[in-house]
There are 4 protein chains.
Amino acid sequence: MVPSDTVTRILDAAEVLFAEHGFSETSLRRITGRAEVNLAAVNYHFGSKQALIQAVFCRYLDPFSADLHCRLDRLEAEEAGSDLERLLDTLFASVLEMPSNNHDLKTFMKLLGLAYSQAQRHLRDELRSRYGTIFSRFLKLLRQATPELADDERFWRLHFMLGSVIFTLSGLNTLRDIAEHDYHQRITIRELSRRLKPVALHALRAPVTDADCSPGSHVISHPRTGTHS
Amino acid sequence: MVPSDTVTRILDAAEVLFAEHGFSETSLRRITGRAEVNLAAVNYHFGSKQALIQAVFCRYLDPFSADLHCRLDRLEAEEAGSDLERLLDTLFASVLEMPSNNHDLKTFMKLLGLAYSQAQRHLRDELRSRYGTIFSRFLKLLRQATPELADDERFWRLHFMLGSVIFTLSGLNTLRDIAEHDYHQRITIRELSRRLKPVALHALRAPVTDADCSPGSHVISHPRTGTHS
Amino acid sequence: MVPSDTVTRILDAAEVLFAEHGFSETSLRRITGRAEVNLAAVNYHFGSKQALIQAVFCRYLDPFSADLHCRLDRLEAEEAGSDLERLLDTLFASVLEMPSNNHDLKTFMKLLGLAYSQAQRHLRDELRSRYGTIFSRFLKLLRQATPELADDERFWRLHFMLGSVIFTLSGLNTLRDIAEHDYHQRITIRELSRRLKPVALHALRAPVTDADCSPGSHVISHPRTGTHS
Amino acid sequence: MVPSDTVTRILDAAEVLFAEHGFSETSLRRITGRAEVNLAAVNYHFGSKQALIQAVFCRYLDPFSADLHCRLDRLEAEEAGSDLERLLDTLFASVLEMPSNNHDLKTFMKLLGLAYSQAQRHLRDELRSRYGTIFSRFLKLLRQATPELADDERFWRLHFMLGSVIFTLSGLNTLRDIAEHDYHQRITIRELSRRLKPVALHALRAPVTDADCSPGSHVISHPRTGTHS
DNA sequence: CATGAATGAGGCTTCATTCAT
DNA sequence: TATGAATGAAGCCTCATTCAT
């Protein structure tokens, strides 16, 4: 049951190389070379390259999914599931404090970005079927926390937010370089999540514009913000 | 000066196939096959696959860049450059009403998503050097429109927003399918932009949290958190 | 350690085809076709075409180098190292009686000619670094055998001689045809080496002209020359 | 009749590039690029790449052939045709003092080396048929100058000598680098020909060994040398 | 007379995968 | 269980050449 050393070495190498160069751009040769295992080992242990890709994700997401379930259990036990801010905090905490801390969060976020943008339908399908449960659970709590939003509006806003996270974190290296160059400031993922939280919070709470949004409708204020400051 | 028929056919085919399958996953053979031109034509007209990729982007972004410049000129002529909502409206309008409407916006957004997530450093470098001017101009106006934000904070928020746009639009097909299935509602890009606007507006205007906000922090008050620490 | 059958077949085919058509003019397709192995086998076993070229040379020169070392050992044991004629005899014998007599000397000489004339810098560098030792050893003995020559003079004469050998042997087919046609005489390599020896011997021992010897110079006396000066 | 500028430019570029990289390794694209003429110009003016190669040789060898004929005329007029040293001097002078001195001798010697070693049968055939006359004439004079040699022996010795010249000059850059590194001496072609002459002279005059030349037959001296020292 | 466009053939290399050992 | 050898497919690119203009 314990994954052999070979399997682990392959997964470690693949994780880094996939994140760095993309799936198609990373050959099995390179992976096995870095892992210092036989070229045929990937097909032997995983069956195919696609299966390896999925295994890389599962190794990360399985514990994450379990961890997030735990935290949501606790949140519900405290009957705080409908507090939007606590819900977001819980999510952020689970992402940031993943137990498998020998793995790089940035690396995995890059992989997640690739999974969405690259033509890896097989991967998205797998992820959806395997982690649909936890996603649905989170979405349900989010609905309780934002009862003022129509379901479809919430759906889109959640994905806006998801886009912010994945895009920013998956391109972190590039963006960090720019930021460092322009603002002389090296940012960590923790700091980034600190910056992201209020943005996500207010984005989700923004009032809905019921009609078109042609210029002139800029009377929108954001009442709830006042309570925080 | 006028691009030959062959050149146009190649660009058209490449645009669609790249968006659909990614850059590495799309072979020149397939592109030239779809374009019904000779395999060597790509190398003849563009020099390499990388140059073709860049050309696909430039064909779209050059007119866009020009159009946005025009609109920003008008905006400044009206002395409305520092109105955040008008500024966003201008950007949205430029994106949505691109003259070359024979090109699919969704397709291009997918390409943009790929450009950021895939390992195409050459492409990002090219885009940055070629469209840095218009980006800087927009950023300068955005600074006037959001004077309360520190430069670095604005930088990151802009990219949060960018992530929302690119992620949502580049995965539009998938997301639209889900939304249609769950909420029985077929969304258009126009509607999506209507939904996005208030979110972007409030995201940019969200108050800055001055200290760290890791779980347990006190800035944002949520009483029960105390029990965790 | 033992070269697989596939490796040997590739080397055999490459040796002949390279000698016959040159390096650039011989495609891997043709080599693998003649060797009746898979096209990818060359890259699998050798890594690249260049590496294959070098391997062809090494397969021949490694045993040759070892053999010549042996013979020079024996020569020095007999304290005959400084006898020019014995030294040349030793070299000739080593070249002519190479153990791997399943390989064609003529073929290899052609390859050697190509190595020098074609633009294969990588090959020359490799040969120099790999066989510099045996070359230096021979040169050292040659210095003892021709103490009357300045080092640089000896260097050039050695290469004159080398040119004679390589040029003649590498073009042997053509020249032999002409000779056969004109002088009705089919020559073997052994006979050729018999003809070459006195020429090499006297070329090396030729007196040095101390000044320039542009037309009309007087250093080398041959009666009729006097009528010119 | 006067070759157009385009033709000259192509020949100039081809001459240098062929010498530097070989025939197969030099593409028409590169030639026309360097010559700054249209890619199709080569096929337009010369018909094919092979024809261009031949044209490069003819542009050099035609005047050389004419010049050598002249010099041999004068030599015969002086009834000095059978003087070996004067014959060699004449040849050397013709080679060294070619009228078309805007062309590099070294460059051309490299080309000649390539012509012999590379698989350019078409070229060798062309050269033989076009310059066979002057070669025969020289050979006839050489026979008069070395009456003691059997025809076949002379034939081979002439080619030994030719090998020395072509090999040394065609690989001049490489050899010069070595010589410069080892003996701190930068040699010119003129100096090289000074070194070559006595070697050629004595090589041609070396006594014939009538039988085998196994070790032990080293009683051979070279009587004429004695008269020099 | 000269050229830009286009082409079919073929170049070397790399890929993921399979299989006998 | 694990691997070295081998393979068919396909990758991108460059070639010399042709042809309509």
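Throughout, a chain's letter reflects where its sequence line sits, starting with A, and its residues are numbered from 1. Predicted model, so just to flag it, every value in this text is computed and none were measured.
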Worksheet item: What stems involve DNA chain F, if each pair must be Watson-Crick or G-U and both of its distances must be under 3.5 Å, with 3 or more such pairs in a row?
Response: E:2-21 with F:2-21

Worksheet item: What is the distance, rounded to the nearest whole Å, between atom CG of A:Leu28 and atom C1' of F:dA2?
Response: 16 Å

Discussion item. Distance check, rounded to the nearest 0.5 Å: C:Ile166 atom CD1 versus C:Leu112 atom CG?
Written reply: 4.0 Å

Worksheet item: Do any side-chain nitrogens or oxygens of B:Arg29 fall under 4.0 Å of OP1 or OP2 in F:dG11?
Response: yes

Worksheet item: Charged N to carboxylate O below 4.0 Å: is that the case for A:Asp12 and A:Arg59?
Response: yes

Worksheet item: Step by step, would you call A:Glu20 with A:Lys110 a salt bridge (Lys or Arg N to Asp or Glu O under 4.0 Å)?
Response: CA-CA 8 Å; A:Glu20 206 163 337; A:Lys110 265 188 147 170; over 6 Å; no

Response to the item:
So NE2 of A:His21 and OG of B:Ser24: to nearest 0.5 Å the spacing works out to 11.5 Å

Item to complete: Applying ring pair (Phe, Tyr, Trp, His ring centres under 6.0 Å), run through D:Phe57 and D:Phe108 and close with a yes or a no.
Response: CA-CA 8 Å; D:Phe57 276 83; D:Phe108 185 74; 5.7 Å; yes

Worksheet item: In residues 32-50 of chain C, what residues come within less than 4.0 Å of DNA chain E, judged by heavy atoms?
Response: C:Leu39, C:Ala40, C:Asn43, C:Ser48, C:Lys49

Item to complete: Please round to the nearest 0.5 Å and tell me the distance separating atom CG of C:Leu111 and atom CD1 of C:Ile53.
Response: 9.5 Å

Item to complete: Figure out the CD/P separation between A:Glu25 and F:dC12, and round it to whole Å.
Response: 12 Å

Worksheet item: Is the closest side-chain heavy-atom distance between D:Thr32 and D:Asn38 below 4.5 Å?
Response: no

Fill in: Nucleotides bounding contact with chain D, strand DNA chain E, heavy-atom threshold 4.0 Å
E:dC1 to E:dG4

Worksheet item: Is the distance from OP1 or OP2 of F:dA10 to the nearest side-chain N or O of B:Ser27 less than 4.0 Å?
Response: no

Discussion item. Any non-hydrogen side-chain atom of D:Val7 less than 4.5 Å from a side-chain atom of D:Phe46?
Written reply: yes

Worksheet entry | Donor-acceptor pair, side chain of D:Thr26 and main chain of D:Leu17, under 3.5 angstrom | yes

Item to complete: Run the numbers on B:Tyr131 and B:Asp62 for side chain to side chain donor-acceptor pair (under 3.5 Å), then give the verdict.
Response: CA-CA 8 Å; B:Tyr131 305 105; B:Asp62 279 345; 2.8 Å; yes

